[in-house]
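Just below is one structure, and these are the notes that go with it.
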There are 2 protein chains.
Amino acid sequence: MLELAILGFLYDHSLHGYELRKRITALTGHVRPVAESTLYPAIKRLERAGLLARETQPGAVAAPRHVLSLTHAGRSELRHRLTEPARTDITDENRWFTVLAFLRHLDDPRAQAAVLRRRLDFLEEPASFFYDGDRPLRAEELDDPFRQGVLTIARATSRAELTWLRKTLAALD
Amino acid sequence: MLELAILGFLYDHSLHGYELRKRITALTGHVRPVAESTLYPAIKRLERAGLLARETQPGAVAAPRHVLSLTHAGRSELRHRLTEPARTDITDENRWFTVLAFLRHLDDPRAQAAVLRRRLDFLEEPASFFYDGDRPLRAEELDDPFRQGVLTIARATSRAELTWLRKTLAALD
DNA sequence: CCGTAATACATCGAAGGCGATGTACAGTCT
DNA sequence: AGACTGTACATCGCCTTCGATGTATTACGG
């Protein structure tokens with residue numbers, strides 16, 4: 001997910017690590033902050049994999065900046081990761097939001113629609129959090145107000161997202 | 001989060017690992033499946049830490065079952081983790097839902113309310129996903145339909161949860 | 001003049017999660 | 001008879017993440 005965010009932000013502009021970190025923090029940081037000791041090794045990995053290149057610039061303010069840009073392989077890697085997200089990229093909201101944040105980088109509307117449809121299928125699967133054996137329990141059946149809350153919130157999210165997904169899928173056709 | 005779920009489920013009943021896994025899968029598995037190779041080492045950790053005990057039973061169907069139960073230290077550890085959740089337990093929805101699923105195990109309504117209030121404070125912080133410099137962008141200002149979706153969905157979730165939080169906090173007083 | 005914050009990068013070791021793989025038995029399907 | 005699925009547990013090694021720590025410079029407030 002971190003790698004996806006790095007590739008996604010660099011797809012538009014070359015950025016140095018520190019700036020990249022600020023953007024990633026704005027995107028997902030209020031939920032899960034990104035430590036520097038996670039970001040810099042991730043950049044190195046992507047660099048070693050040939051997905052991004054760095055160019056050292058004299059430091060404008062402090063230490064020299066390493067301006068990062070995607071290589072051709074990096075650009076196609078991003079498109080690939082967006083076209084065929086892993087299962088958890090679809091199901092985990094944090095990861096899904098990251099996919100959505102960069103999905104515009106796919107230029108084929110049908111590929112974009114296919115990704116949205118995978119999320120739609122997932123949300124339409126009958127799934128609950130609490131079960132009586134195999135039977136999913138509805139909020140009304142729970143005597144626990146906190147578990148009721150989980151179902152209430154999840155249901156509201158799901159409904160809002162389904163509405164948005166159907167509207168956006170219709171617009172993509 | 002996994003450890004919290006283990007402690008939470010065992011607080012009510014003793015369970016063997018395989019059954020525990022099914023319950024955890026029901027709770028969070030549709031979003032993030034739990035691998036067996038994650039669960040069993042986690043059980044071992046908690047056991048080594050003196051938080052749970054195992055009792056071997058002859059296998060009803062297959063291999064012998066290890067029935068797990070919380071020790072006294074395990075029970076107070078759960079209450080402690082629920083009373084003072086880490087920052088990401090509050091901000092990350094996956095973790096937050098796990099906290100909510102077991103919050104009833106605190107018997108002091110004021111302690112429960114304090115946890116809900118931390119989530120309330122977090123949701124009331126002005127936070128966005130996309131910024132123009134320091135200024136958070138509203139959904140209407142984005143020309144990207146997918147990023148609009150992120151904001152739309154996040155806002156709907158937030159509103160539903162705020163309503164529920166305020167209602168539940170009022171009931172707890 | 002000194003402390004602190006911000007800019008900008010980097011490494012190390014510990015811990016956690018995961019896929020792959022293994023063991024063993026019982027029931028079911030072909 | 002053999003394959004496969006479900007029950008039930010376990011280990012190994014890889015990878016990612018993270019807190020702690022370090023280095024160096026500029027800017028600002030007291």
Side-chain angles (χ1 to χ4, degrees), chain A residues 1-7 14-25 28-29 31-49 51-68 81 86-89 91-92 94-95 98 133-134, chain B residues 1-7 14-25 28-29 31-49 51-68 81 86-89 91-92 94-95 98 133-134:
Chain A
M1 202 192 63
L2 175 60
E3 294 185 358
L4 187 66
I6 294 172
L7 296 174
S14 297
L15 297 169
H16 58 277
Y18 198 78
E19 176 62 26
L20 196 48
R21 183 173 182 236
K22 283 202 282 189
R23 305 228 179 169
I24 294 173
T25 297
T28 57
V31 171
R32 268 186 167 282
V34 187
E36 296 201 347
S37 52
T38 307
L39 177 62
Y40 288 112
I43 289 172
K44 271 211 163 160
R45 278 203 304 279
L46 295 175
E47 197 187 358
R48 267 203 308 271
L51 303 182
L52 53 85
R54 75 171 69 196
E55 190 198 342
T56 304
Q57 273 184 356
V61 184
R65 291 170 164 180
H66 295 190
V67 177
L68 309 165
R81 290 193 193 204
R87 163 91 185 164
T88 43
D89 291 337
T91 62
D92 183 340
N94 296 330
R95 288 169 168 272
T98 309
D134 276 344
Chain B
M1 199 191 65
L2 176 58
E3 295 185 358
L4 187 67
I6 294 172
L7 297 174
S14 297
L15 297 169
H16 58 276
Y18 199 78
E19 176 62 26
L20 195 49
R21 182 172 184 239
K22 283 202 280 190
R23 305 229 179 167
I24 295 174
T25 298
T28 56
V31 170
R32 267 186 167 283
V34 188
E36 297 201 345
S37 52
T38 306
L39 178 63
Y40 287 112
I43 289 171
K44 272 212 162 157
R45 277 201 305 277
L46 296 176
E47 199 188 358
R48 267 202 307 271
L51 304 181
L52 52 86
R54 76 173 69 197
E55 190 198 342
T56 305
Q57 273 185 357
V61 184
R65 291 171 165 181
H66 295 190
V67 178
L68 309 165
R81 290 195 194 204
R87 163 92 185 163
T88 43
D89 291 337
T91 62
D92 184 339
N94 296 330
R95 288 169 167 272
T98 309
D134 276 344

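Lettering of chains follows the sequences in order, A, B, ..., and the numbering in each one begins at 1.
For D:dC9, its base sits under 3.5 Å from the side chain of B:Glu36 at one donor and acceptor pair at least.
None of A:Leu46, A:Leu51, A:Thr98 except one satisfies the side chain to side chain contact (heavy atoms under 4.5 Å, CB included) rule with A:Glu3; the exception is A:Leu46.
A:Asp89 places a side-chain N or O within donor-acceptor distance of the main-chain N or O of A:Ala86, the cut-off being under 3.5 Å.
Heavy atoms only, all atoms of each residue included: A:Thr91 and B:Val31 are closest at OG1-O, 2.7 Å.
For the pair A:Tyr40 and C:dA10, the criterion of a side-chain N or O lying under 4.0 Å from OP1 or OP2 is not met. A:His66 has a side-chain polar atom (N or O) that falls below the 4.0 Å cut-off from OP1 or OP2 of C:dA10. The shortest distance between the side-chain N/O atoms of A:Lys44 and the OP1/OP2 oxygens of C:dT11 is below 4.0 Å. OP1 or OP2 of C:dA10 sits under 4.0 Å from a side-chain N or O of A:Arg54.
Atom CG in B:Asn94 sits about 16 Å away from atom C1' in C:dG16, given to the nearest Å. When the C1' atom of C:dG16 is taken as reference, atom CG of B:Leu4 falls 16 Å away, rounded to whole Å. Between the NZ atom of B:Lys22 and the C1' atom of D:dA8 there is a distance of 11 Å, rounded to whole Å. We find that CD1 of B:Ile43 is positioned 11 Å from C1' of D:dA8, with the value rounded to whole Å. Summarising the geometry, the separation between CD on B:Glu47 and P on D:dA10 is reported as 8 Å, rounded to the nearest angstrom. Here the P atom of nucleotide C:dG17 and the CZ atom of B:Arg21 are 14 Å apart, to the nearest Å. What separates OH of A:Tyr18 from P of C:dC9 is a distance of 9 Å, to the nearest Å. The CZ-P distance, from A:Arg65 to C:dC9, rounds to 8 Å in whole Å.
Separating the CG atom in B:Asp92 from the CG atom in A:Asn94 is a distance of 5.0 Å, to the nearest 0.5 Å. Taking CG of B:Leu2 as the reference point, atom CD1 of B:Ile24 lies at 5.5 Å (rounded to 0.5 Å).
Here the side chains of A:His16 and A:Leu68 are not in contact, with every heavy-atom distance at 4.5 Å or above. Side-chain atoms of B:Arg21 and B:Glu36, non-hydrogen and from C-beta on, do get closer than 4.5 Å to each other.
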Dump every N/O contact between nucleotides 15-19 of chain D and the protein below 3.5 Å, one line per pair.
residue: D:dT16; atom: OP2; partner: A:Arg45; partner atom: NE; Å: 3.4
residue: D:dT17; atom: OP2; partner: A:Arg45; partner atom: NH2; Å: 3.4
residue: D:dC18; atom: OP2; partner: A:Thr38; partner atom: OG1; Å: 2.6
residue: D:dG19; atom: N7; partner: A:Ser37; partner atom: OG; Å: 2.7
residue: D:dG19; atom: O6; partner: A:Ser37; partner atom: OG; Å: 2.9

